[in-house]
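Presented below is the structure to which this report refers.
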2 protein chains.
Amino acid sequence: MTLVQEIDTLNVERLFYLKGEVDHMSRSTKKDILLQVAERLFYEHGFRGVGLKQIISEANVATMTLYNHFSSKDNLVEEVLIQREERYWSYLDSHVEMDSDSPFILAVEAHGRWLKEQSYKGDMFLRAIEDYAGTDNEIENIARGHKSKLLQYFQLLAQRKGKDNERDLANQFTLLLEGTTSMTTLIGAEKATEYSIAMARTLVQHTS
Amino acid sequence: MTLVQEIDTLNVERLFYLKGEVDHMSRSTKKDILLQVAERLFYEHGFRGVGLKQIISEANVATMTLYNHFSSKDNLVEEVLIQREERYWSYLDSHVEMDSDSPFILAVEAHGRWLKEQSYKGDMFLRAIEDYAGTDNEIENIARGHKSKLLQYFQLLAQRKGKDNERDLANQFTLLLEGTTSMTTLIGAEKATEYSIAMARTLVQHTS
DNA sequence: TAAGAATTAGAAAGGTCGTTCTATATATTC
DNA sequence: GAATATATAGAACGACCTTTCTAATTCTTA
């Protein structure tokens, strides 16, 4: 059982909410295309900066096809976030060898690769929190859920490695990842990751 | 001469661009109110999430008063960013004692106080870069200018303190500040700053 | 007090937005 | 092959957007 799977068993309700009753096998292809196109456009221009017209146009789909799969634009945003989160965790999971000497460093490296391939410009979840905060929206919940799972991830990792200050270490590494993501917008994923790995090594060595 | 002033002399064109020909003494009160209201609303709901109608309504001014002072919404965004940047730098300048033993720590602390008072939720400049990227807009230039000035700031600080790896240190501290800002959205400025200061101390001590 | 500048409320123009509707066409399934 | 589900194009809706216009009013200042 991977670390992410373990966290999921701790948060059963949230997981159920995330996966819903969706049968992944019988998923419509059109829906997948819509999710993919929407994610790209939302990420590039922001949720509010992209209209449904552009999405259906680039997805080569009729208006009603979108509304057949998603009850509203907000619902589309929600599903985009859920899909992106799943991809992020499977990415982290597949790159972090828990029994390694330094799983923390591996996590930072994996996050760096994710940035290089999927997040060259800012963080979609943070953006969702900011854009939809205070509007009593499910979107914010989903995005915040992802972030608290990140904290849990590092906390559990610290626990596994017998660190006594799990909570502090988890927060520091989450801060490090968030900083790397922001820096990617400024100096690119390559350099940002280089610096964060250097910092991570220093932290692991010199934190009680 | 403070460190920020010194950086400004290095970037004369940009400074001139920022300050323009504006005579701060004869500035209209209405304009100030508009800038203040717009900054608050833009920060809370995003540039695209706030309409001019809401801004003029909360500022208690007429539509034409806004257009008398700003040529467009984009121009309003620009001036809001410029004003916010000025406030940020005077904030940092007034809190960082350059001759201190650890000006780096002071800078992190000052940034933390800025977050607590002015940026409880994300970074306005990063957001501007993301929202307006690729649209050939002055807004992105202003926001990116602010970020590169931040890098310069730490680079100059490192240089002053006789560190040999100025560039690396500057990038690492900028990453740290950006991470703190992001974490503020998740766990609040208080705790985020606490963690970043701890990390900063570790870094200063154990980086060549 | 007279003249010029700034501000006012509100309407109007011209767009785009999210969403719904209609009517036709294409797939899928029994 | 009939029945059911899914997709199509595109018009229509009302709401909201930024920007412009008008004409009356208030403020500033010489």
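Values below: every heavy atom of this structure, side chains too, minus hydrogens, waters and symmetry copies. Reminder, nothing fancy here: chain letters follow the sequence lines and each chain counts from 1. These numbers were taken from a predicted model, which means no experiment stands behind them.
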| query | Got a sec, which residues hit side chain to side chain contact (heavy atoms under 4.5 Å, CB included) with A:M64, two or more places apart in sequence or on another chain? | reply | A:Y67
| Once you round it to whole Å, what is the distance between P of C:dT7 and NZ of B:K31? | 11 Å
| task | With sequence neighbours left out, write down each residue that passes salt bridge (charged side-chain N to carboxylate O under 4.0 Å, His left out) with B:K116, or none if nothing qualifies. | result | B:E190
| said: According to ring pair (Phe, Tyr, Trp, His ring centres under 6.0 Å), who are the partners of B:F42, at least two apart in sequence or on a separate chain? | reply: B:F47
| query | Between B:K30 and D:dC27, is there a side-chain N or O to OP1/OP2 distance below 4.0 Å? | reply | no
| field | Residues in ring pair (Phe, Tyr, Trp, His ring centres under 6.0 Å) contact with B:Y195, at least two apart in sequence or another chain | value | none
| task | Classify every nucleotide of nucleotides 15-24 of chain D by which part a protein heavy atom approaches to under 4.0 Å, writing B for the base, S for the sugar-phosphate alone and - for neither, in 5'-to-3' order. | result | ---SBBBB--
| said: Give me the stems containing DNA chain C, sorted by first residue, counting only three or more consecutive Watson-Crick or G-U pairs with both distances under 3.5 Å; say none if there aren't any. | reply: C:5-30 with D:1-26
| For the residue pair B:F104 and B:F154, does the interplanar ring angle fall in the parallel (under 30°), tilted (30 to 60°) or perpendicular (over 60°) class? | parallel
| request: Would you list the pairs meeting salt bridge (charged side-chain N to carboxylate O under 4.0 Å, His left out) in which at least one residue belongs to residues 117-127 of chain B, sequence neighbours left out? | output: A:E130-B:R127, A:D131-B:R127, B:D123-B:K147
| A:N75 near the nucleic acid: base, sugar-phosphate alone, or nothing, with a heavy-atom cut-off under 4.0 Å? | nothing
| note | B:R201 meets the salt bridge (charged side-chain N to carboxylate O under 4.0 Å, His left out) criterion, sequence neighbours left out, with none
| request: Write down the distance between CZ (B:F70) and P (C:dT7), rounded to a whole number of angstrom. | output: 11 Å
| task | Mind running ring-ring contact (aromatic ring centres under 6.0 Å, His included) on B:H95 and B:W114 for me, showing each step along the way? | result | CA-CA 10 Å; B:H95 285 83; B:W114 160 268; over 10 Å; no
| task | For A:L66 and D:dT8, give me the distance from atom CG to atom P, rounded to whole Å. | result | 11 Å
| query | Heavy-atom contacts under 4.0 Å between residues 36-45 of chain A and DNA chain D, which residues? | reply | none
| task | May I have all residue pairs that pass salt bridge (charged side-chain N to carboxylate O under 4.0 Å, His left out) and include part of residues 43-52 of chain B, sequence neighbours excluded? | result | none
| remark: Those residues at least two apart in sequence (or on a different chain) that pass ring pair (Phe, Tyr, Trp, His ring centres under 6.0 Å) with A:Y120 are A:Y43
| query | OP1 or OP2 of D:dT6 sitting under 4.0 Å from any side-chain N/O of A:H69? | reply | no
| query | Pairs in or reaching into residues 55-70 of chain A: which pass salt bridge (charged side-chain N to carboxylate O under 4.0 Å, His left out), with residues at least two apart or in two chains? | reply | A:R40-A:E58
| request: Could you check how far CG of B:L34 sits from C1' of C:dA6, rounded to whole Å? | output: 13 Å
